There are 2 protein chains.
Amino acid sequence: MKLTPVMEKFILHWGEMGTRWGVNRSVAQIHALLLMSPQPLNAEEICQILSLARSNVSNSMKELSGWGLVKTVHVLGDRRDHFTTLKDAQETFNIIVEERKKREIDPTLAMLKELSAELDTDKNADKEVKERINNMLSFLEMMTSWYDKMKKLPNSTLVTLVKAGTTIVKLIGKG
Amino acid sequence: MKLTPVMEKFILHWGEMGTRWGVNRSVAQIHALLLMSPQPLNAEEICQILSLARSNVSNSMKELSGWGLVKTVHVLGDRRDHFTTLKDAQETFNIIVEERKKREIDPTLAMLKELSAELDTDKNADKEVKERINNMLSFLEMMTSWYDKMKKLPNSTLVTLVKAGTTIVKLIGKG
DNA sequence: AATATATTTCACTTATTACTGAAATAAAAA
DNA sequence: TTTTTATTTCAGTAATAAGTGAAATATATT
């Protein structure tokens with residue numbers, strides 16, 4: 001496959017953005033390439049298009065699979081693995097949010113709960129520190145319980161909600 | 001100031017999490033320390049408590065100020081700068097979201113608009129590529145316009161909304 | 001102005017992460 | 001079973017980012 005200038009720009013931008021999100025450039029570039037590619041691509045093709053080492057692609061595919069962003073598919077009469085990614089922005093977003101929650105928010109919640117418990121049994125614990133830990137803990141709990149409810153809704157309902165925007169505020173009689 | 005075991009755990013965890021979010025460990029640790037500290041701290045104290053070089057603290061403070069997370073204050077009769085951070089989880093969250101939007105979403109939106117325009121003037125542009133770029137663009141536009149509306153609301157209203165959760169869905173007659 | 005203190009800059013070192021290429025392993029075809 | 005093809009592992013290298021300490025600059029005090 002030959003990259004069009006548009007594809008190339010997209011891939012390069014995605015690669016740079018990836019680095020800001022703790023995803024390495026190769027991984028993000030491969031994801032971007034698969035987003036643009038009309039067909040699934042095999043590892044060899046990815047190497048060639050992005051000028052990456054075969055081993056790098058192999059590891060990157062594992063990383064992307066770990067995020068649930070890439071699927072391995074097969075082409076009739078071809079032994080090699082081929083890769084595709086979800087093409088819908090909203091679904092992609094949902095997956096990334098879910099993964100980040102699992103990797104970053106959940107451990108933080110666990111840590112805060114632990115600390116909160118420790119502070120409860122400690123008589124000379126600083127009151128302010130206690131307050132702040134609990135403030136953080138309840139904020140995160142509020143957010144995650146909201147998130148858990150929202151993720152049960154179908155995407156179409158979410159879109160309706162988001163588009164309704166602040167008219168909801170009027171319905172609920174606040175603001 | 002002497003760190004309690006709770007503070008220490010919190011700071012170390014925050015430091016690790018920072019690295020996953022593209023913030024370096026020192027910066028995140030300093031932020032965590034200021035979150036816990038009852039009083040504003042000067043650079044020297046921060047060095048000593050976290051065992052960091054003076055220059056590292058200097059640069060980290062600049063980084064944190066850039067994010068709008070830290071304020072410089074003064075103590076009567078002391079020439080040195082002292083630093084504090086917002087103590088409220090929700091406000092902190094708001095600031096970080098706003099900054100990340102500015103740094104990551106806005107440039108991506110600009111890029112997508114550019115590509116979308118390019119594809120419009122290109123007669124042999126791949127239809128699918130066009131579709132995906134536009135799908136992404138409209139998703140991000142939807143999200144940012146929603147975000148812009150939400151950020152105008154006072155925090156208390158947001159809390160009400162979040163706590164209402166899916167009961168809103170019933171009000172709006174969906175799901 | 002001279003001295004003392006506080007802060008920043010910068011060249012350098014150290015640590016971390018990304019990437020490569022060769023070798024090992026796995027899987028299929030002959 | 002041997003050969004071919006595909007994939008992964010891994011040790012080493014390259015690139016990047018983080019952190020240090022000395023020197024320079026800035027700011028206040030005497």
Side-chain angles (χ1 to χ4, degrees), chain A residues 11-12 14-34 39-67 70-84 103-104, chain B residues 11-34 39-67 69-84 103-104:
Chain A
I11 291 168
L12 291 174
W14 212 241
E16 293 317 311
M17 282 304 142
T19 61
R20 299 209 181 185
W21 284 84
V23 176
N24 82 47
R25 187 172 288 114
S26 310
V27 170
Q29 285 185 349
I30 293 171
H31 182 225
L33 171 60
L34 292 177
Q39 318 90 24
L41 298 174
N42 64 49
E44 209 54 62
E45 290 172 307
I46 296 172
C47 291
Q48 185 256 309
I49 296 169
L50 300 178
S51 314
L52 299 173
R54 183 65 186 76
S55 53
N56 189 358
V57 171
S58 175
N59 291 324
S60 297
M61 294 334 288
K62 211 187 268 177
E63 173 83 6
L64 284 167
S65 305
W67 279 83
V70 154
K71 275 183 202 130
T72 305
V73 296
H74 286 94
V75 171
L76 229 90
D78 193 334
R79 291 164 50 187
R80 293 168 298 181
D81 289 344
H82 288 242
F83 305 97
T84 17
R103 297 171 188 212
E104 291 145 21
Chain B
I11 291 168
L12 290 175
H13 180 95
W14 212 243
E16 294 316 313
M17 282 303 143
T19 61
R20 300 208 182 186
W21 284 84
V23 176
N24 80 49
R25 187 172 288 113
S26 311
V27 169
Q29 284 184 351
I30 293 171
H31 182 224
L33 170 60
L34 292 177
Q39 319 91 22
L41 299 174
N42 64 48
E44 210 54 64
E45 290 172 306
I46 296 172
C47 290
Q48 185 256 309
I49 297 168
L50 300 178
S51 314
L52 298 174
R54 183 64 186 77
S55 52
N56 188 359
V57 172
S58 174
N59 291 325
S60 298
M61 294 334 287
K62 211 187 270 178
E63 173 83 6
L64 285 167
S65 305
W67 279 83
L69 286 171
V70 156
K71 274 184 203 130
T72 305
V73 296
H74 287 92
V75 171
L76 228 88
D78 192 333
R79 291 167 49 189
R80 293 169 297 180
D81 289 344
H82 288 242
F83 304 97
T84 18
R103 296 171 189 213
E104 291 146 22

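Every chain is numbered from 1, with letters handed out A, B, ... down the list of sequences. Since the structure is predicted, the reported quantities are computational estimates derived from the model, not experimental observations.
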**OP:** Look at all strands and tell whether B/S60 reaches a base, only sugar-phosphate, or nothing, counting heavy atoms closer than 4.0 Å.
**Re:**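 Nothing, no nucleic acid heavy atom in range.
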Would you mind reading off the distance between [X] atom [atom1] and [N] atom [atom2], rounded to a whole angstrom?
X: B/R20; N: C/dT17; atom1: CZ; atom2: P; result: 11 Å
X: A/I46; N: D/dA6; atom1: CD1; atom2: P; result: 14 Å
X: A/L50; N: C/dC19; atom1: CG; atom2: P; result: 11 Å
X: B/Q48; N: D/dT20; atom1: CD; atom2: P; result: 14 Å
X: A/D78; N: D/dT5; atom1: CG; atom2: C1'; result: 11 Å
X: A/N56; N: C/dT17; atom1: CG; atom2: P; result: 16 Å

Heteroatom pairs (N/O) under 3.5 angstrom, protein to nucleotides 7-13 of chain C:
| residue | atom | partner | partner atom | Å |
| --- | --- | --- | --- | --- |
| C/dT7 | OP1 | B/D81 | N | 2.5 |
| C/dT7 | OP1 | B/D81 | OD2 | 3.4 |
| C/dT7 | OP2 | B/R54 | NH2 | 3.3 |
| C/dT8 | OP2 | B/S58 | OG | 3.0 |
| C/dT9 | OP2 | B/K62 | NZ | 2.5 |

Subject >> Under 4.0 angstrom between B/N24 side-chain N/O and D/dA17 OP1 or OP2 >> reply: no
Considering non-hydrogen atoms only, spot the tightest contact between [X] and [Y] and give its length.
X: B/R54; Y: B/C47; value: CA-SG, 3.5 Å
X: A/A28; Y: A/W14; value: O-CD1, 3.2 Å
X: B/R80; Y: B/H74; value: O-CD2, 3.5 Å
X: B/F83; Y: B/V70; value: CD2-CG1, 3.9 Å

Subject >> Heavy-atom side-chain contact between B/I49 and B/Q29 under 4.5 Å >> reply: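 Heavy-atom side-chain distance check fails, nothing below 4.5 Å.
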Subject >> Full working for side-chain contact (heavy atoms from CB on, under 4.5 Å) between B/V75 and B/N42 >> reply: CA-CA 10 Å; B/V75 171; B/N42 64 48; over 6 Å; no
